Amino acid sequence: MSIQISDPMLPELYKVTKIQENTHDTFTLEMVPKNKTKIFSFLPGQFNMIYLFGVGEVPISISGDPSSTDFLVHTIRAVGTVTDAMSKIKEGQTVGIRGPFGSHWPIEKAMGKDVLLIAGGIGLAPLRPVVYYILAHRSKYRKVVLLYGTRSPDDIIYEEEYQNWQENFDITVETTVDNTDSEWQGHVGIVSALISKKDFSPTNMVAIICGPEIMMHFSVQELVRREVTWNDIYISMERNMKCAIGFCGHCQYGAKFICKDGPVFCYSSIQETLKRREI
Amino acid sequence: MNPSTLPNNKQIIIERQNFQRLLDVLKNQGYQLRGPTVREGAIVYDEINLVKDLPEGWTDVQDKASYRLQKRDDKALFGYVVGPHSWKKFLHPPVLKLWEAKRCEDGFEIKEKVAFTPQYAFIGVRSCELHAIAIQDKVFIEGPYVDTTYKNRREKIFVVAINCGEAGETCFCTSMNTGPQVSFGFDLALTEVIQPDRHYFVVMIGSAKGHDVIKEIPHTKASNQEISIAQSKVEQAREEMGRTMDTSDIKNLLYRNHDHTQWDKVAERCLSCGNCTMVCPTCFCTTVEDVTDLTGEETTRVRKWDSCFTMDFSYLHGGSVRTSVKSRYRQWMTHKLATWIDQFDTSGCVGCGRCISWCPVGIDITEEVAIIQEDKAKEKNDENA
Ligand SMILES: Cc1cc2nc3c(=O)[nH]c(=O)nc-3n(C[C@H](O)[C@H](O)[C@H](O)COP(=O)(O)OP(=O)(O)OC[C@H]3O[C@@H](n4cnc5c(N)ncnc54)[C@H](O)[C@@H]3O)c2cc1C
Ligand code: SF4
Ligand code: SF4
Ligand code: FES
């Protein structure tokens with residue numbers, strides 16, 4: 001018997017064609033498949049397992065444009081063994097890709113509504129495909145607001161891009177940082193604090209939140225205070241993942257498998273579990 | 001299919017002296033035989049070839065944190081219940097090479113994986129174990145993705161099941177509706193009968209494959225009397241069940257009791273060793289590692305059984321999600337008995353009792369459930385008062 005292409009644990013080989021340094025610890029990789037001319041199609045919010053030879057494999061959301069199948073884009077923050085090694089990748093190098101996996105952001109449901117995107121830190125990367133999708137179908141959405149918080153001005157990613165979204169696509173972007181230097185002109189403080197000031201229709205909107213759990217928690221609280229219902233709030237969850245296909249058990253979150261039932265969840269479907277510690 | 005609905009004429013008798021023939025026929029048909037055998041003081045599942053490899057005349061005596069072998073008065077081949085092994089080690093191997101890769105100029109290339117699928121005949125599979133296999137089928141075959149290693153092995157197995165004639169002190173299959181009578185998933189299902197002057201097996205044929213094997217073994221048609229003797233053996237096991245678990249409302253019971261004080265109490269004893277997960281026939285969790293050769297030129301992706309009792313299991317950058325022993329025991333038990341039902345529409349526990357015997361400190365899943373249930377009873381009384 002020869003190689004089993006259908007084996008979901010077997011990665012496809014991709015070649016890194018472009019590397020962009022976003023911040024001191026965050027970088028964006030563009031890659032193309034070695035044995036095909038197109039990448040798979042994916043939906044905003046889905047993720048891949050990226051494998052580095054001899055080091056390991058980690059889940060990373062796709063941060064590229066879902067309407068383009070020419071190359072694959074991932075924005076990665078170096079935080080440990082595998083992602084540090086990935087930060088040293090050179091152009092031309094090979095990585096393994098398995099995916100795309102998981103659920104996606106409610107881009108269809110949001111049509112005809114206000115869209116509030118809330119990102120914390122690297123959480124902006126998984127939201128970028130949503131923005132690309134909205135840009136391509138701008139007239140189908142009403143008000144679009146992106147609230148983005150990072151630790152400091154130096155941690156901001158995609159800055160040029162979101163200025164373009166703001167200027168040319170009628171998307172409101174507001175940024176906030178935890179710690180700042182004197183030159184910073186934006187807000188200071190947690191991103192959820194910006195929610196109360198924003199103008200959107202609580203009964204005709206979808207909120208899309210991605211970031212640290214605590215930041216998502218405060219954001220939801222603030223939204224609920226503004227009478228947004230749980231059914232209109234979506235968040236993306238992170239857990240340890242060894243397979244992404246429901247076999248390894250690592251990503252279990254109560255009765256959910258984050259890899260196959262998530263990572264994007266409607267808040268109402270997991271709010272019971274979110275209340276509990278050490279799940 | 002429910003055995004009682006099979007016509008009686010499907011049942012036949014194989015005498016003990018012809019049992020070797022069964023093993024030989026299966027071997028001749030190309031099966032690798034796996035069955036019970038005595039090793040280092042326990043009955044384990046391993047390669048067998050001859051009747052004398054089986055644990056003839058042995059039984060296991062089990063209780064909390066206790067397992068020992070004892071000589072029987074008779075020469076039963078299957079006169080024990082279950083040991084530390086389960087069939088999952090053959091279908092879902094403890095260590096599995098996923099693929100190999102070799103470094104090359106621009107990174108690496110994946111070497112072809114030669115998938116070799118062994119063809120096993122399992123000798124002596126108990127009803128609870130067939131249920132455990134059916135549960136793992138749901139995980140590995142019936143979801144959105146298929147584990148090809150599992151599926152390929154699974155499809156090829158020949159199952160010689162055995163009805164339990166005795167139940168162990170740690171067994172509670174009747175509570176879980178998983179035994180002691182074999183009811184599906186077998187090619188042949190045996191009931192061992194030992195009388196002062198005769199030792200034989202009443203055999204039910206469960207498949208065409210089973211039928212083809214029987215054709216080559218001396219056998220006679222089972223009489224009604226022989227069938228009813230076999231049936232009474234299983235009834236005896238049913239009555240001897242060492243433990244029970246009240247499973248009514250168990251899912252909601254555990255969901256409601258995430259903050260029960262019993263979790264703190266069990267955590268005082270639990271060593272977080274993971275034995276319970278290793279012996280459990282349904283636990284399926286794994287991790288994947290790169291095993292790189294000394295030159296760093298070649299690497300093998302290896303999948304290994306993992307346990308939710310390790311700290312690494314729930315590790316995220318910055319720390320583990322389940323840092324306390326309490327949360328890890330709770331995760332395990334709640335998964336077995338509650339979340340599993342939401343995930344796979346079945347309990348994750350078949351009542352085999354392995355986790356009770358092999359827990360070094362004697363933590364007993366049936367007791368833990370009962371304690372939480374007791375409080376529920378109390379709650380009710382309080383309400384009524
Ligand atoms: C669905 C999903 C999407 C993600 N998308 C992105 C993204 O777009 N960009 C990005 O920079 N990061 C993303 N992450 C987080 C990223 O997977 C972790 O930062 C990465 O696994 C850390 O691995 P490490 O070996 O560098 O870190 P270490 O701290 O050395 O971690 C050791 C191991 O623990 C596991 N692990 C550690 N942290 C995480 C984590 N947060 N999530 C899952 N497993 C973890 C991994 O198996 C890792 O190899 C995502 C995580 C998930 C679950
Ligand atoms: S939880 Fe214990 S009793 Fe239940 S199937 Fe697993 S090992 Fe057997
Ligand atoms: S319950 Fe027992 S077997 Fe399981 S981890 Fe705790 S000490 Fe080990
Ligand atoms: S990542 Fe393996 S089960 Fe979800």
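Numbered from 1 within each chain, the chains take letters A, B, ... in sequence-line order. This one's a predicted model, so the numbers in the text were calculated from it and none came from an experiment.
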Largest heavy-atom contact set with chain A, pairs under 4.5 Å, which of [options]:
options: B:V321, B:V288, B:D259; result: B:V321
options: B:T292, B:D147, B:V291; result: B:D147
options: B:T323, B:V139, B:L316; result: B:L316
options: B:D312, B:L98, B:T286, B:T334; result: B:T286
options: B:W340, B:W305, B:Y255; result: B:Y255
options: B:T300, B:I341, B:D106; result: B:D106

Pick one of side chain, backbone, both or neither for [X], based on which atoms fall under 4.5 Å of a heavy atom in chain A.
X: B:E105; value: neither
X: B:S324; value: both
X: B:R330; value: side chain
X: B:E297; value: backbone
X: B:K102; value: backbone
X: B:H92; value: neither

**Study point:** Carboxylate-amine/guanidinium proximity below 4.0 Å for B:R301 and A:E57
**Key:**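 Salt bridge between B:R301 and A:E57, a charged N being under 4.0 Å from a carboxylate O: yes.
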
Could you check whether [Y] and [X], counting side-chain N and O atoms only, form a donor-acceptor pair closer than 3.5 Å?
X: A:Y253; Y: A:D261; answer: no
X: A:S219; Y: A:S192; answer: no
X: A:N240; Y: B:S314; answer: no
X: A:Q271; Y: A:W230; answer: no

Point to revise | Pair B:F140 + A:F247: ring centers closer than 6.0 Å | key: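 Yes, close enough.
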
Review point. Ring centroid separation for A:Y51 and B:F108, is it under 6.0 angstrom?
Key: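 So the answer is yes for these two rings.
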
Practice item. Count the heavy-atom pairs under 4.5 Å between each of A:K242, A:Q93, A:E278 and chain B, then report the option with the highest count. Key: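 So the answer, after comparing A:K242, A:Q93, A:E278, is A:E278.
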
Which bit of [X] comes within less than 4.5 Å of chain B, counting heavy atoms only: side chain, backbone, both or neither?
X: A:V95; answer: backbone
X: A:Q252; answer: both
X: A:K90; answer: neither
X: A:I245; answer: both
X: A:I89; answer: neither

Review point. In chain order, what residues pass the side chain to side chain donor-acceptor pair (under 3.5 Å) check against A:K15, with sequence neighbours excluded?
Key: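 Checked A:K15 against side chain to side chain donor-acceptor pair (under 3.5 Å); zero matches.
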
Exercise for review: Just say parallel, tilted or perpendicular for the rings of A:F42 and A:F40, cut-offs at 30° and 60°.
Suggested key: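 Plane angle over 60°, so perpendicular.
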
Check your understanding: Angle class for the A:F47/A:F101 ring planes (parallel below 30°, perpendicular above 60°, tilted otherwise)?
Key ->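 Taking A:F101 first and then A:F47, their aromatic rings sit tilted (interplane angle of 30° to 60°).
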
Review point. Which is it for A:K256 and A:T273 under the side chain to side chain donor-acceptor pair (under 3.5 Å) test, yes or no, and what are the steps along the way?
Key: CA-CA 9 Å; A:K256 308 276 193 219; A:T273 317; over 6 Å; no

